[in-house]
Amino acid sequence: MRISIFYKSIILILAINVLNATASQEDISCKVNRELEQQCGSYTYVVVKPFLDYIKQINDEINQNKIKDREINDLKEKLIQQNSNVAINNVLKAQIDFQQTTINRLTTSAISTDQCDQIKKELIDKDEMIAELRVKAKTDTDNLRATQLQLEENLIKLAKQKTDLQLCQKEVEKFSKTEKNQKPNSCNAFGDSSGIHQIQVPGIDSFDVLCDNQTAGPGWIVIEQRLNGGESFNRDWATFRKGFGSHDGDFFLGLEKIHRLTNNQYNELYIYMERFDGRIDYARYDRFGISNENDKYRINILGEFSGNVEDKLRSHAYMMFSTSDSDNDAWAEGSCAHYREAGWWYESCVTSFLHGAYYNRATDSYSSIYFNYPHTIKKLKIMIRPISKN
Ligand SMILES: [Ca+2]
């Protein structure tokens, strides 16, 4: 094929040259001798006409090749363009892929953003909650502080109340102790319990007394007892004032105590007298009392008498007490106490003499103990007992 084309090309070149020469001559001759040619050219034309046709054919083919070459070039350009477009498309595709990736990432990010928004919202809610809790905490703190202050105030009040209560308890204890220690003022409080008990009366300290529930009923305080002569009744003022002896023998309670006992309440007086022959006498006065020391312990109260003997104390009523060192008797010229060697409520001097000397036998001595002379007393009890004021 290529050889054919080659030969055709050579022939074509030769023909072109001939034609060019012929044509230029023919142009000249034919143009000049057109009519001649028509006359003479019929011969030439017949000879070269196939060749001319062939050349024309070749020329046409050449033209066609040119056209195809142009088309090929066009196609090449288009192909190049298309390749370029493909490259561009690839770039675009890559960009699209990248953008898609970006979109996906952004979409993912968008989801994260939603989550972030949710988290932010939750954080905001939590912040608000925290703020509320802070406010509440502050309120609670304030309330707690207020409660603490109230508690402190209450503690102070409680401490004060405790102190007051302690003081009150001390007062109560003191009162109870005082109340507990408040002793009876007579033997009535001890019921049937004879013997020694402690009593207390206003103005002096408590002291022991011998209570007698056997002799004349309950509640008697023995203010003097003579049993065996163990105590002398020839004593000075101070000794009679204070008292002397012991409760299991001879004793005298004391003028001041007798005064205190009889000054604060009414008392009755009972004198128990046992003779040596065993006979028992008694003298009872429904009122008895002595005044204070300034009045020399005068018998200022001596009530109605009752007894199995004569009332031999009546003459001594309203008499002051006298001792050898304190003459308060009605004997102006002398001292009964000094003369009779004993302290007693002397007039001038005695009708009854219960402070006489103790004898171990019956005697008619004026110095002996007697209520109704000459009945010598072997055993003597002088007792007092509170009575109602009615
Ligand atoms: Ca006198």
Side-chain angles (χ1 to χ4, degrees), residues 68-186 188-191 193 197-208 260 264-265 386:
K68 288 183 180 179
D69 288 339
R70 284 197 297 271
E71 287 177 353
I72 288 169
N73 290 331
D74 291 340
L75 288 173
K76 286 182 178 178
E77 290 177 358
K78 287 181 180 178
L79 181 60
I80 293 170
Q81 185 64 38
Q82 285 178 352
N83 290 334
S84 176
N85 289 338
V86 168
I88 292 171
N89 286 336
N90 290 333
V91 173
L92 290 175
K93 188 175 183 301
Q95 290 181 351
I96 288 170
D97 293 340
F98 175 75
Q99 290 176 355
Q100 185 62 45
T101 302
T102 303
I103 288 169
N104 293 336
R105 185 173 57 79
L106 291 175
T107 302
T108 304
S109 300
I111 293 173
S112 298
T113 301
D114 291 341
Q115 293 176 347
C116 185
D117 290 341
Q118 180 63 29
I119 292 172
K120 285 182 179 179
K121 186 177 182 300
E122 291 177 355
L123 287 175
I124 292 172
D125 293 342
K126 288 181 179 178
D127 287 341
E128 292 176 352
M129 187 181 298
I130 289 172
E132 291 177 357
L133 289 175
R134 283 178 176 170
V135 173
K136 187 175 183 302
K138 185 177 184 305
T139 303
D140 291 342
T141 301
D142 293 340
N143 292 336
L144 180 61
R145 180 60 180 162
T147 302
Q148 286 177 337
L149 291 174
Q150 186 65 40
L151 182 61
E152 290 174 358
E153 292 178 1
N154 289 340
L155 286 175
I156 293 172
K157 290 180 181 178
L158 186 62
K160 185 176 185 303
Q161 289 177 349
K162 185 178 179 181
T163 303
D164 293 342
L165 181 61
Q166 289 175 343
L167 292 175
C168 184
Q169 286 178 336
K170 287 182 179 178
E171 290 295 324
V172 170
E173 290 174 359
K174 183 179 178 181
F175 179 78
S176 299
K177 189 176 180 181
T178 302
E179 193 70 9
K180 186 177 180 180
N181 291 337
Q182 185 64 46
K183 298 176 177 61
N185 59 4
S186 73
N188 283 334
F190 307 114
S193 177
H197 295 283
Q198 196 170 62
I199 63 172
Q200 188 170 26
V201 291
I204 56 175
D205 294 335
S206 59
F207 55 93
D208 290 339
R260 297 288 180 178
N264 291 288
Q265 56 189 341

Work out which heavy atom in [X] is nearest to a heavy atom in [Y]; give both atom names and the distance.
{"X": "I199", "Y": "N185", "result": "CD1-O, 4.0 Å"}
{"X": "F190", "Y": "Q198", "result": "CZ-O, 3.6 Å"}
{"X": "R260", "Y": "G203", "result": "NH1-CA, 3.9 Å"}

Which residues pass the side chain to side chain donor-acceptor pair (under 3.5 Å) test with Q150, not counting sequence neighbours?
N154

For D205, what residues pass the salt bridge (charged side-chain N to carboxylate O under 4.0 Å, His left out) criterion, not counting sequence neighbours?
none

Could you tell me the separation between the NZ atom of K138 and the CG atom of N143, rounded to the nearest 0.5 Å?
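One finds 10.0 Å between NZ of K138 and CG of N143.
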
What is the distance from atom CG of L158 to atom CD of E153, rounded to the nearest 0.5 Å?
13.5 Å

Donor-acceptor pairs under 3.5 angstrom involving side-chain atoms of residues 128-136: please list them, not counting sequence neighbours.
{"unit_1": "K136", "atom_1": "NZ", "unit_2": "D140", "atom_2": "OD2", "d": "3.1"}

